[in-house]
Colleague: 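One structure is given below, represented as structure tokens, and several questions about it will come after.
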Amino acid sequence: MSIYKDKSDLELVEATRGNGDQQAFAALIKRYERPLYNFILRMISNPSEAEELFQETFLRIYKNLDSFRGGASFSPWAYRIAHNLCIDALRRPGRKIFTELEKDGEDEVSILDKREDEQGINPENELHRRQIGLSIQKAVNELPEKLRVVFIMYQYEHMSYDQIAEALEIPLGTVKSRMHSCLKKLSEKLKHLK
């Protein structure tokens with residue numbers, strides 16, 4: 001696989017598309033595995049459903065490689081496919097909403113006590129940090145989908161506004177407007193943390 005490490009996304013796509021090089025496609029999967037799964041998980045908030053959608057994303061990418069325009073960037077195209085699958089899943093009737101707010105088994109304090117013993121971490125500070133993280137996660141999950149996806153792509157996937165516009169097939173001005181609205185709503189929801 002090391003021969004594929006320095007290849008660009010486009011070179012990997014062309015190798016897969018042109019002569020069916022499965023190792024090139026495996027390298028592409030490996031490159032996007034973590035970011036795409038994390039994006040889907042943030043959109044869906046259900047690990048098992050996110051895993052299914054991740055697998056479906058790469059199945060669709062593989063099936064549609066012939067429709068990928070070579071001059072375009074692969075990343076926004078892949079995120080567009082993942083985003084569309086997430087939207088379909090979120091709109092499914094009877095879908096259960098899952099948010100991992102607590103871990104089963106040991107309670108939060110005993111886990112933090114173990115970490116303090118192991119690493120010298122202050123449990124009160126760690127608990128406070130985790131509570132802030134959960135508040136932010138909850139606020140992001142409560143955003144309307146159109147705002148949430150822009151925030152997730154920008155903040156967690158480190159995509160530029162141009163890449164987000166390309167991935168969502170919306171004008172750049174719409175991306176900026178949605179990000180502005182998103183930040184305004186998050187600021188309002190999280191004002192208790194100040």
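Count residues from 1 along the sequence. Predicted model, so just to flag it, every value in this text is computed and none were measured.
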Colleague: Taking the side chain as every heavy atom from C-beta outward, state whether Asp162 and Glu166 have any atom pair closer than 4.5 Å.
Modeller: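 No, side chains not in contact.
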Colleague: Aromatic contact between Tyr62 and Phe58, with the criterion being ring centroids under 6.0 Å apart: yes or no?
Modeller: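 They do not qualify: ring centres at least 6.0 Å apart.
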Colleague: By side chain to side chain donor-acceptor pair (under 3.5 Å), which residues pair with Glu51, not counting sequence neighbours?
Modeller: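 Glu51: side chain to side chain donor-acceptor pair (under 3.5 Å) contacts with Gln55.
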Colleague: Taking the side chain from Arg80 and the backbone from Glu169, do they hold a donor-acceptor pair closer than 3.5 Å?
Modeller: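 Not a single qualifying donor-acceptor pair exists.
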Colleague: What distance do Asn141 atom CG and Ile136 atom CD1 have between them, rounded to the nearest 0.5 Å?
Modeller: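 Rounded to the nearest 0.5 Å, the CG-CD1 separation comes out at 12.0 Å.
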Colleague: Can a side-chain donor-acceptor contact be found between Glu145 and His83 if the only test is distance below 3.5 angstrom?
Modeller: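 Yes.
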Colleague: Take Asn64 and Trp77, measure what side-chain contact (heavy atoms from CB on, under 4.5 Å) needs, and give me the verdict at the end.
Modeller: CA-CA 11 Å; Asn64 293 299; Trp77 183 73; 4.0 Å; yes
Colleague: With the 4.5 Å side-chain cut-off for hydrophobic clustering, are Ile152 and Leu172 part of the same group?
Modeller: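 Yes, same cluster.
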Colleague: Has the side chain of Thr57 got a donor or acceptor atom that lies under 3.5 Å from a matching backbone atom of Leu53?
Modeller: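 Answer holds: yes.
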Colleague: What's the separation between atom CG in Leu65 and atom CZ in Arg60, rounded to the nearest 0.5 Å?
Modeller: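 Here the rounded value is 14.0 Å.
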Colleague: I would like to know whether Met153 and Arg148 meet side-chain contact (heavy atoms from CB on, under 4.5 Å); could you show each step before the answer?
Modeller: CA-CA 9 Å; Met153 286 180 163; Arg148 186 171 70 243; over 6 Å; no
Colleague: Which side-chain N or O atoms in residues 34-42 pair as donor and acceptor under 3.5 Å with protein atoms at least two apart or in another chain?
Modeller:
{"residue": "Asn38", "atom": "ND2", "partner": "Arg34", "partner atom": "O", "Å": "3.3"}
{"residue": "Arg42", "atom": "NH1", "partner": "Glu157", "partner atom": "OE2", "Å": "3.4"}

Colleague: Which pair of non-hydrogen atoms, one from Ala24 and one from Ala15, has the smallest distance, and what is that distance?
Modeller: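 Taking every non-hydrogen atom into account, CB-CB, 3.7 Å.
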Colleague: Please determine whether the number of non-hydrogen atoms from other residues, nucleotides or ligands lying under 6.0 Å from atom OH of Tyr154 exceeds 12.
Modeller: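 No, because the 6.0 Å sphere around OH of Tyr154 holds 12 heavy atoms or fewer from other groups.
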Colleague: May I ask you to decide if Ser8's main-chain N or O and Glu11's side chain share a donor-acceptor pair within less than 3.5 Å?
Modeller: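 Side chain of Glu11 to backbone of Ser8, a donor-acceptor pair under 3.5 Å: yes, one is there.
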Colleague: Check side chain to side chain donor-acceptor pair (under 3.5 Å) between Lys184 and all other residues, then give those that pass, not counting sequence neighbours.
Modeller: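 With neighbours one apart ignored, the set is empty.
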Colleague: Side chains of Phe68 and Arg17: closer than 4.5 Å at any heavy-atom pair?
Modeller: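 The answer is yes; the side chains approach within 4.5 Å.
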Colleague: Check this for me: Lys185, atom NZ, are more than 12 non-hydrogen atoms of other residues, nucleotides or ligands nearer than 6.0 Å?
Modeller: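 No, NZ of Lys185 has 12 or fewer neighbouring heavy atoms, counting only those of other groups under 6.0 Å.
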Colleague: Determine the minimum heavy-atom distance between Ala139 and Leu190, stating which atoms define it.
Modeller: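 Where Ala139 meets Leu190 most closely, the heavy atoms are CB-CD2, 3.8 Å.
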Colleague: Over all heavy atoms of both residues, which pair between Phe25 and Thr16 is shortest? Give the atoms and the distance, please.
Modeller: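 Scanning both residues, the minimum pair turns out to be N-OG1, 3.2 Å.
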Colleague: What pairs with Gln155 under side chain to side chain donor-acceptor pair (under 3.5 Å), at least two apart in sequence or on another chain?
Modeller: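 So Gln155 forms no side chain to side chain donor-acceptor pair (under 3.5 Å) with any residue.
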Colleague: Is the side chain of Ser181 donor-acceptor paired with the backbone N or O of Ser177 at a distance under 3.5 Å, no angle test?
Modeller: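 Flag set: sc Ser181 to bb Ser177 pair under 3.5 Å.
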Colleague: Contact between Arg31 and Lys5 at the side-chain level, heavy atoms closer than 4.5 Å - yes or no?
Modeller: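 No, too far: nothing below the 4.5 Å cut-off.
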Colleague: Only counting residues at least two apart or in another chain, list the ones meeting salt bridge (Lys or Arg N to Asp or Glu O under 4.0 Å) with Glu33.
Modeller: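 Glu33 satisfies salt bridge (Lys or Arg N to Asp or Glu O under 4.0 Å) with no residue once adjacent residues are dropped.
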Colleague: Any salt bridge linking Arg92 with Glu49? Criterion: basic side-chain nitrogen under 4.0 Å from a carboxylate oxygen.
Modeller: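 A salt bridge is present here (some side-chain N lies under 4.0 Å from a carboxylate O).
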Colleague: Return the set of residues passing side chain to side chain donor-acceptor pair (under 3.5 Å) with Tyr156 (not counting sequence neighbours), or none when no residue passes.
Modeller: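 Checked Tyr156 against side chain to side chain donor-acceptor pair (under 3.5 Å); zero matches.
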Colleague: So, taking the atom named SG in Cys182 and the one named CG in Leu186, what distance separates them when rounded to the nearest 0.5 Å?
Modeller: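 These two atoms lie 4.5 Å from each other.
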Colleague: Rounded to the nearest 0.5 Å, how far does CD of Glu52 lie from CG of Leu59?
Modeller: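 It is 13.0 Å, given to the nearest 0.5 Å.
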Colleague: I want to check something: taking the side chain as every heavy atom from C-beta on, are Ile61 and Phe74 in contact at a cut-off of under 4.5 Å?
Modeller: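 Counting from C-beta outward, Ile61 and Phe74 do come under 4.5 Å.
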Colleague: In sequence, state the C-alpha distance, the side-chain angles, and the governing distance for Tyr32 and Ser75, and then conclude on side-chain contact (heavy atoms from CB on, under 4.5 Å).
Modeller: CA-CA 8 Å; Tyr32 283 95; Ser75 178; 3.5 Å; yes
Colleague: Quick one: pull up OH in Tyr4 and CD in Gln23 and give me the separation to the nearest 0.5 Å.
Modeller: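 If we round to the nearest 0.5 Å, Tyr4:OH and Gln23:CD are 4.5 Å apart.
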Colleague: Quick one: pull up CG in Leu28 and CD in Gln22 and give me the separation to the nearest 0.5 Å.
Modeller: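 So the gap between those two atoms works out to 11.5 Å.
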Colleague: What's the verdict on side-chain contact (heavy atoms from CB on, under 4.5 Å) for Arg178 and Val175, showing C-alpha distance, side-chain angles and the deciding distance?
Modeller: CA-CA 5 Å; Arg178 287 181 184 175; Val175 172; 6.0 Å; no
Colleague: So which atom in Met159 and which in Ala167 form the shortest heavy-atom distance, rounded to 0.1 Å?
Modeller: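 Smallest interatomic distance, heavy atoms only, reads CE-CB, 4.1 Å.
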